[in-house]
A.B. asks: 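Let me begin by handing over the structure; questions about it come next.
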2 protein chains.
Amino acid sequence: MTPRAARGRSSTAAMILATAEDVIQRKGYSGFSYADVAAELRVTKAALHYHFPGKAQLGEALIATWGTRFTEALASLDAAGGPALARLDGYIKLHAEIIGKRKMCLCAMLAAEYQTLPTAMRAALVRFFDHRQVWLEGILEQGRSEGTLQFGGAARDSALLIISALEGAMLLAIAHGDLERFNATVTSMVAVMRGPE
Amino acid sequence: MTPRAARGRSSTAAMILATAEDVIQRKGYSGFSYADVAAELRVTKAALHYHFPGKAQLGEALIATWGTRFTEALASLDAAGGPALARLDGYIKLHAEIIGKRKMCLCAMLAAEYQTLPTAMRAALVRFFDHRQVWLEGILEQGRSEGTLQFGGAARDSALLIISALEGAMLLAIAHGDLERFNATVTSMVAVMRGPE
DNA sequence: GTCTATAGGCAGATAGAC
DNA sequence: GTCTATCTGCCTATAGAC
């Protein structure tokens, strides 16, 4: 089955996705190859080409998978309810878990390599970031009306600032191999959002 | 001349450095090749290997060059004097100029690809970021004592936050092709640092 | 679904002529 | 200093057997 799309994805397709994702998070899209993934899974490159015809299609599937997982994580934070500050904390923890494994967010890594990506991947990337931004805007608006979060200007601009700070902090943490730096940066950011006592 | 080191660098070596820097800022270290640079300069790959024996050595030279240029830019901001807020603005402008050309900071791009870099490049990268951080800490301390900048906690943590936000904002701007987003993010950050009226 | 085999190309690098 | 020529190896991708 799984003719050429990996929709109701076979376990092999799922393993390919997981491994490719991991490699790209560490080495980037240009730095990853079918050979890497095939070797780690102990299959041949041809097997990968069966499930995903080319690197570009695999890349698109990876962004889609990542987006779905992220959406689910955000929905789960929403379902837990609670004040905006708690949801923001949960949002930050999603990033802390990734950097704890010395990886970048998949989409941040791809964003850096944007100018080398095929068109379909570029479009998917932009949609991903837009979705994140909208969710965060909602949290910020909620926090402002609750009084748990403080910020001046449009919620959109503060949402962008939070996303930027998180992704940038991960970039620095990767280079320094230093989780403490990431935590200090984020703590400092949250302190700003909570406002003066 | 220029036996194998490009110290009192020939004009060719300088052109190689400039072109390689540009390509890496757009495509990354894995995404760049001697062939790219040679073609753009209308010389052969062998000519590049004469000036820089290998990709790793060229990479090291690029970080060194970038670091020197950055240091000079910061010294020039210091020489201009003025309040901390003005220097911070100058610092931000350095980044705005780069993103205006749809490029990443060289070292931020390399940081994303950290796990693919040769050891010497890794070490040079970390030194670069440390230097930036120290300079910013100084600006922040100055701003706090002047009363032009406000922040809680250690200057180091706010310095990390500023660097993170700038690099992350560049990442998003590259993907969205949207300079306005970068400006909005940065404006929002500066507003926070100026504190409430 | 996964394999072997292989094509065709580009990567990083070197030797040696000019 | 720059070139031509060449090497070796890895890359993406395909054809066709099992």
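Heavy-atom basis, side chains included; hydrogens, waters and symmetry copies ignored. Naming: A, B, ... by sequence-line order, numbering from 1 per chain.
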A.B. asks: Which pairs pass salt bridge (Lys or Arg N to Asp or Glu O under 4.0 Å) with one or both residues in residues 97-124 of chain A, sequence neighbours excluded?
C.D. replies: A/Asp22-A/Lys103
A.B. asks: Applying side-chain contact (heavy atoms from CB on, under 4.5 Å), name anything that partners B/Val192, two or more places apart in sequence or on another chain.
C.D. replies: A/Val192
A.B. asks: How would you list, by chain and number, every residue that makes a side-chain contact (heavy atoms from CB on, under 4.5 Å) with A/Thr44, sequence neighbours excluded?
C.D. replies: A/Ala46, A/Ala47
A.B. asks: What N/O pairs connect the protein and nucleotides 11-13 of chain C at under 3.5 Å? Give each pair on its own line.
C.D. replies:
residue, atom, partner, partner atom, Å
C/dA11, OP1, B/Ser33, OG, 3.4
C/dG12, OP1, B/Lys55, NZ, 2.7
C/dG12, OP2, B/Tyr34, N, 3.2
C/dG12, O6, B/Lys45, NZ, 3.3
C/dA13, OP2, B/Lys55, N, 3.0
C/dA13, N7, B/His49, NE2, 3.4

A.B. asks: Does anything in residues 148-157 of chain B form a side-chain hydrogen bond (donor to acceptor under 3.5 Å, both in side chains)? List the pairs, not counting sequence neighbours.
C.D. replies: A/Glu180-B/Arg156, B/Glu146-B/Thr148
A.B. asks: Between the protein and nucleotides 16-18 of chain C, list the N/O to N/O atom pairs that are separated by less than 3.5 angstrom.
C.D. replies:
none

A.B. asks: Is the backbone N or O of B/Met104 less than 3.5 Å from a side-chain atom of B/Gln25, with the two atoms forming a donor-acceptor pair by type?
C.D. replies: yes
A.B. asks: According to ring pair (Phe, Tyr, Trp, His ring centres under 6.0 Å), who are the partners of A/Tyr114, at least two apart in sequence or on a separate chain?
C.D. replies: none
A.B. asks: To the nearest Å, how far apart are A/Leu41 CG and C/dC3 P?
C.D. replies: 10 Å
A.B. asks: Rounded to whole Å, how long is the line connecting atom OH of B/Tyr50 with atom P of D/dA5?
C.D. replies: 22 Å
A.B. asks: Report the residues that fulfil ring pair (Phe, Tyr, Trp, His ring centres under 6.0 Å) with B/His176, sequence neighbours left out, ordered by chain and then residue number.
C.D. replies: none
A.B. asks: Would you say a side-chain N or O of A/Thr44 is under 4.0 Å from OP1 or OP2 of C/dT4?
C.D. replies: no
A.B. asks: Not counting sequence neighbours, list each pair that qualifies as a side-chain hydrogen bond (donor to acceptor under 3.5 Å, both in side chains) and has a residue in residues 66-77 of chain B.
C.D. replies: B/Glu21-B/Arg69
A.B. asks: If the condition is salt bridge (charged side-chain N to carboxylate O under 4.0 Å, His left out), which residues does B/Asp178 pass it with, not counting sequence neighbours?
C.D. replies: B/Arg181
A.B. asks: Mind checking side-chain contact (heavy atoms from CB on, under 4.5 Å) for A/Glu141 and listing every partner two or more places apart, or none if nothing turns up?
C.D. replies: A/Arg144, A/Ala155
A.B. asks: Listed in order of residue number, which residues of residues 109-124 of chain A have a non-hydrogen atom at under 4.0 Å from DNA chain D?
C.D. replies: none
A.B. asks: Measure CZ/A/Arg42 against P/C/dC3 and give the value in whole Å, please.
C.D. replies: 12 Å
